[in-house]
Number of protein chains: 2
Amino acid sequence: MSKTKEVYLSDDVRKQNRFRIISQFRVHGKKSRTEISKLADLSAGTVTNVSTMLLNEGIIQVCDQDASHASSSSHGRPRVQLELNPGYKYVVAGSLTFNSISLSLFDYLGEKISTVQEKVTLEKMDGDEIAEFILAMLKGFDVEVAPSIFVLGVQGLTKNNGKEILWSPILSESGMKFAERLSQISNAEVTVANDSAMIARSLSKDKTYADGTFGAVLMSYGIGLGLYIDGQPFQGAKSSASELGHISFKGGDGALCRCKKHGCVEAYASDYAIWRRAKGLDPHALPERPVTSEDIAQIIEEAREGEGPARQAIREAGRAIGFGLAIMFGLFDAFPVVFVGRGAQALDLMDDEIRQALNDHFRFHKQLDINFTKESDALVHVENGSSIVGLEWLDQQAAFGKT
Amino acid sequence: MSKTKEVYLSDDVRKQNRFRIISQFRVHGKKSRTEISKLADLSAGTVTNVSTMLLNEGIIQVCDQDASHASSSSHGRPRVQLELNPGYKYVVAGSLTFNSISLSLFDYLGEKISTVQEKVTLEKMDGDEIAEFILAMLKGFDVEVAPSIFVLGVQGLTKNNGKEILWSPILSESGMKFAERLSQISNAEVTVANDSAMIARSLSKDKTYADGTFGAVLMSYGIGLGLYIDGQPFQGAKSSASELGHISFKGGDGALCRCKKHGCVEAYASDYAIWRRAKGLDPHALPERPVTSEDIAQIIEEAREGEGPARQAIREAGRAIGFGLAIMFGLFDAFPVVFVGRGAQALDLMDDEIRQALNDHFRFHKQLDINFTKESDALVHVENGSSIVGLEWLDQQAAFGKT
DNA sequence: TGTAATTTTTTAAGGGTTAAATTAAATGAG
DNA sequence: CTCATTTAATTTAACCCTTAAAAAATTACA
């Protein structure tokens with residue numbers, strides 16, 4: 001279409017096959033040329049040729065042949081196991097929340113090498129400051145490497161191309177531009193992605209959901225939904241995730257949301273909303289101080305002790321979540337849901353309200369299968385998902401080259 | 001992945017280039033080899049080779065060179081204009097509504113050749129009967145040809161693969177299986193698609209929307225939404241279109257919808273809903289007799305005369321539509337909307353309510369740009385869109401062959 | 001009739017793939 | 001210890017497709 005000359009040529013075929021072969025290593029780990037030949041459905045000769053190139057380029061390496069005899073049980077020339085070269089390139093996968101940045105370094109094999117975390121309020125920083133802060137954090141890693149790509153999970157709407165944040169509650173207007181700046185000063189690719197979408201991506205590698213269709217609801221400072229449909233991440237039109245948190249639960253006169261609208265699901269189900277209600281604060285204002293993990297843990301504890309404002313707040317959160325899911329289930333079919341994050345700890349207390357809200361919308365039950373992931377440390381999932389995205393990008397670069 | 005041997009070989013390159021070339025003819029119509037060479041960015045030699053194959057296979061043909069001198073103004077060997085062979089294969093594009101079937105025959109150039117329409121109540125027929133009825137209707141065409149593909153627009157949820165109807169208000173459970181049967185007895189491909197999605201596809205070829213992002217809201221016996229995002233049809237997870245009509249507008253105790261749920265947008269905005277309310281009938285029951293175009297025309301006329309039940313019914317429809325759009329605008333960004341179908345005739349009467357409902361959800365205005373298409377004959381758009389789908393399929397078959 | 005201008009076809013070179021043949025490396029029997 | 005056997009990896013030869021360049025075809029015009 002554009003000026004770039006698209007070549008449907010042997011060159012493309014080679015690139016495709018490079019990608020096929022790299023992908024097999026990505027999925028299966030250590031494999032011999034012969035095995036790759038079968039897995040990738042390519043001739044042995046092609047695998048030899050491509051492998052030689054990949055070895056020369058440092059993309060793959062020959063494994064230590066320690067237990068090589070064990071694997072090939074029978075006669076004949078033993079297979080030479082090859083694998084992705086862990087040091088080929090590095091990914092920094094991170095999570096940006098309203099009051100902290102966490103970064104982890106992953107090697108090309110997808111192993112986490114090091115982690116750093118800093119408390120910082122992003123809303124007060126502009127794009128340049130955030131970019132420089134992130135770059136400085138790299139010094140905290142155990143090893144000193146230049147990552148090829150940053151993949152950063154943030155709350156809010158991000159463009160599908162991973163290059164733009166359309167809206168985020170944790171960033172100021174000027175802060176949203178940090179990606180481009182970070183890319184310049186780090187000389188690396190920088191991608192931003194919705195945090196819930198990254199959680200879903202992480203969970204999709206889990207055996208439990210591997211075949212599947214499921215949603216990951218992140219209940220923390222905001223409410224997010226990452227969707228997987230038939231094993232594929234579901235991409236909204238523009239945004240990377242479906243904005244469950246900003247579906248309108250109550251009309252325009254409902255509780256105030258961080259997004260400045262009123263009545264959003266988030267204004268009833270996020271941790272600040274739960275805290276606000278449990279403490280009897282004005283629903284038309286945002287809490288003056290940040291709500292901490294401890295605050296939420298305390299509310300949940302109170303709620304478990306019996307009826308009262310804490311329990312009521314969590315009930316209301318359940319109704320909001322249930323309403324939001326009902327809307328989603330109306331647009332899609334019903335899907336199993338994994339709850340992640342601080343608020344998810346109270347799932348048992350919300351379960352009835354969620355189901356009741358669904359029933360209010362669907363006179364006839366839809367099949368529901370709500371799973372609960374105790375993993376409150378959503379951060380690990382965000383980073384895992386982000387690392388997966390980063391590795392996919394590296395694989396494509398390795399196969400198809402720049403541009 | 002599967003058993004089928006995927007060949008990343010010269011064979012594929014040739015197929016890709018066949019498709020490139022066919023696509024250029026599809027878009028640009030009559031063109032010489034030289035022109036195609038430039039348009040498709042392929043060498044003259046390749047175009048010659050592929051053209052020779054396509055000519056032999058009857059996919060393209062040499063044009064009458066009547067005005068050939070006119071086109072090539074200067075010296076030299078004149079260009080030989082080629083074009084898609086209209087008689088290569090045929091598409092039957094159709095629309096199935098609750099009380100009629102309409103079919104149109106399109107040639108490979110996309111020209112409509114003939115149309116037939118029959119009154120029939122599909123809900124009372126099983127799959128075999130519907131399939132045989134459709135096949136029999138082909139005899140009504142001016143010419144006798146065996147179509148290679150049927151593309152049929154229906155209300156309801158269809159699978160993205162076009163092979164299954166998940167739910168449709170106009171068909172009985174057994175009737176939903178007609179596609180497979182029709183495919184057998186006609187020996188042709190059969191695809192089912194959501195009617196609103198087909199309307200959007202048809203409109204997407206319109207200059208006004210060609211660049212774009214827009215939604216087509218079909219207001220007739222049901223309420224459908226076909227979405228185009230950045231020039232691409234937006235596919236929901238499973239269904240071909242976003243089910244605007246079955247978003248829950250009122251809780252579980254609202255008006256009865258054909259889908260057996262209560263409170264759906266459709267239960268307030270479809271023609272049977274408007275009629276029901278205008279006539280003061282029980283909102284918890286479906287009207288006993290089908291609502292006709294004349295009924296709706298009459299209600300609209302009454303509504304225009306001033307306040308009263310008719311006007312109120314249309315107002316309520318506007319609120320329901322506005323609510324549904326608000327939900328959609330929350331998940332996507334706001335998009336311009338084209339209203340099509342019988343109900344769309346009353347758009348001016350609903351305009352205020354639609355905008356009011358949107359404002360109730362969005363305290364801060366989102367940019368709205370609602371267009372109104374007077375084209376009440378949604379049927380033509382459904383068929384146009386369907387023919388486009390059919391031609392795309394034929395092109396792919398022609399380029400890549402069976403399987 | 002001959003020459004120039006353009007389009008289309010043919011040809012030769014270059015790349016990638018595969019199947020088959022060859023080489024490499026290890027096992028184990030005699 | 002030698003050598004046949006077995007399996008892995010590499011090399012070879014044939015094939016297909018593309019492109020650039022050369023050749024052929026076809027028409028206009030002098």
Side-chain angles (χ1 to χ4, degrees), chain A residues 5-21 24 30-56 60-63 65-83 399-401, chain B residues 5-21 24 30-56 60 62-63 65-82 399-401:
Chain A
K5 171 132 180 157
E6 294 174 49
V7 190
Y8 278 106
L9 201 53
S10 8
D11 199 38
D12 280 328
V13 177
R14 168 53 54 91
K15 283 175 181 169
Q16 288 289 347
N17 289 339
R18 280 172 70 104
F19 188 70
R20 267 170 103 86
I21 288 172
Q24 296 302 333
K30 298 184 181 182
K31 285 291 163 192
S32 69
R33 291 175 179 80
T34 310
E35 289 169 306
I36 291 291
S37 162
K38 280 170 194 149
L39 286 168
D41 197 16
L42 292 167
S43 75
T46 298
V47 174
T48 288
N49 287 337
V50 173
S51 300
T52 304
M53 294 174 70
L54 296 179
L55 282 166
N56 289 337
I60 60 174
Q61 66 181 9
V62 177
C63 299
Q65 300 302 103
D66 302 331
S68 66
H69 320 97
S71 69
S72 67
S73 54
S74 60
H75 290 198
R77 176 175 178 174
R79 298 172 175 184
V80 176
Q81 301 284 335
L82 306 172
E83 68 181 338
F400 299 107
Chain B
K5 171 134 180 152
E6 292 175 51
V7 191
Y8 277 105
L9 200 55
S10 11
D11 199 36
D12 279 331
V13 178
R14 166 56 52 94
K15 283 174 180 169
Q16 288 289 348
N17 288 339
R18 280 171 67 104
F19 189 70
R20 268 172 102 85
I21 289 172
Q24 296 302 333
K30 299 183 181 182
K31 286 290 163 192
S32 70
R33 291 175 179 79
T34 309
E35 289 168 306
I36 291 291
S37 163
K38 278 170 195 151
L39 287 168
D41 198 15
L42 292 168
S43 74
T46 298
V47 174
T48 290
N49 288 337
V50 173
S51 299
T52 305
M53 293 175 69
L54 296 179
L55 282 166
N56 288 336
I60 59 174
V62 177
C63 300
Q65 300 301 103
D66 301 332
S68 66
H69 320 98
S71 68
S72 68
S73 54
S74 59
H75 291 198
R77 178 174 176 172
R79 299 173 173 183
V80 177
Q81 302 283 336
L82 306 173
F400 300 107

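The shown structure was predicted, so the numbers you read here are calculated from the model rather than taken from an experiment. Reminder, nothing fancy here: chain letters follow the sequence lines and each chain counts from 1.
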When A:Q24, A:R20, A:R33, A:K38 are each screened for side-chain contact (heavy atoms from CB on, under 4.5 Å) with A:V47, the one that passes is A:R33
Please tell me if the side chains of A:R79 and A:K31 come closer than 4.5 Å, counting only heavy atoms from C-beta onward. no
Interatomic spacing from CD1 in B:I36 to CG in B:D41 - rounded to 0.5 Å: 12.5 Å
Counting the atoms with a prime plus P, OP1 and OP2 as sugar-phosphate, which does B:T48 contact under 4.0 Å by heavy atoms, base, sugar-phosphate, or nothing? base
Looking only at heavy atoms, which two atoms of B:A44 and B:S37 are closest? And how far apart? N-OG, 3.7 Å
N/O (side chain, A:T46) to phosphate O (OP1/OP2, C:dT18) under 4.0 Å: yes
Which residue pairs pass the side chain to side chain donor-acceptor pair (under 3.5 Å) test when at least one of the two sits in residues 43-52 of chain A, sequence neighbours left out? A:S43-A:T46
Without decimals, in angstroms, what is the distance between A:K38 NZ and D:dT7 P? 10 Å
Between A:K15 and A:F400, the two heavy atoms sitting closest are CB-CD2, 3.5 Å
Ignoring the backbone of B:P78, work out which of D:dC17, D:dT26, C:dA26 is nearest its side chain. D:dT26
What's the closest nucleotide to the side chain of B:R33 if the choices are D:dC17, C:dT9, C:dT18? C:dT9
Quick one: side-chain contact (heavy atoms from CB on, under 4.5 Å) partners of B:L54, sequence neighbours excluded? B:R18, B:I21, B:I22, B:V50, B:I59, B:I60
What integer distance in Å separates B:L42:CG from D:dC17:C1'? 11 Å
Selection from D:dT19, D:dT10, C:dA26 that lies nearest to any side-chain heavy atom of A:A44: D:dT10
Rounded to whole angstroms, how far apart are CG on B:N49 and C1' on C:dT9? 9 Å
Length of the NZ-P vector between A:K15 and C:dG16, whole Å: 11 Å
For B:M53 and C:dT9, what is the distance between atoms CE and P respectively, to the nearest whole Å? 14 Å
Would you mind reading off the distance between A:Q81 atom CD and C:dA26 atom C1', rounded to a whole angstrom? 16 Å
Ignoring backbone atoms, test whether A:T34 places a side-chain nitrogen or oxygen under 4.0 Å from the OP1 or OP2 oxygen of D:dA9. yes
Angle, rounded to 10°, between the helical axes spanning five pairs at each terminus of the helix from C:dT1-D:dA30 to C:dG30-D:dC1? 40°
Check: protein-nucleotides 1-6 of chain D nitrogen or oxygen pairs below 3.5 Å:
{"residue": "D:dT6", "atom": "O2", "partner": "A:G76", "partner atom": "N", "Å": "3.2"}

Roughly, in whole Å, what's the span from CD1 in A:I21 to C1' in C:dT17? 12 Å
Give a yes/no answer on whether the side chain of A:R14 brings an N or O atom under 4.0 Å of OP1 or OP2 in C:dT17. yes
Nearest whole Å is fine: how far is C:dG16 P from A:R18 CZ? 11 Å
Side-chain contact check for B:V80: nearest option of D:dC17, C:dT17, C:dT8 is C:dT8
Would you please name every residue forming a side-chain contact (heavy atoms from CB on, under 4.5 Å) with B:K30, sequence neighbours left out? B:C63, B:Q81, B:E83
Residues in side-chain hydrogen bond (donor to acceptor under 3.5 Å, both in side chains) with A:S32, at least two apart? A:E35
Under 4.0 angstrom between A:S43 side-chain N/O and C:dA19 OP1 or OP2: no
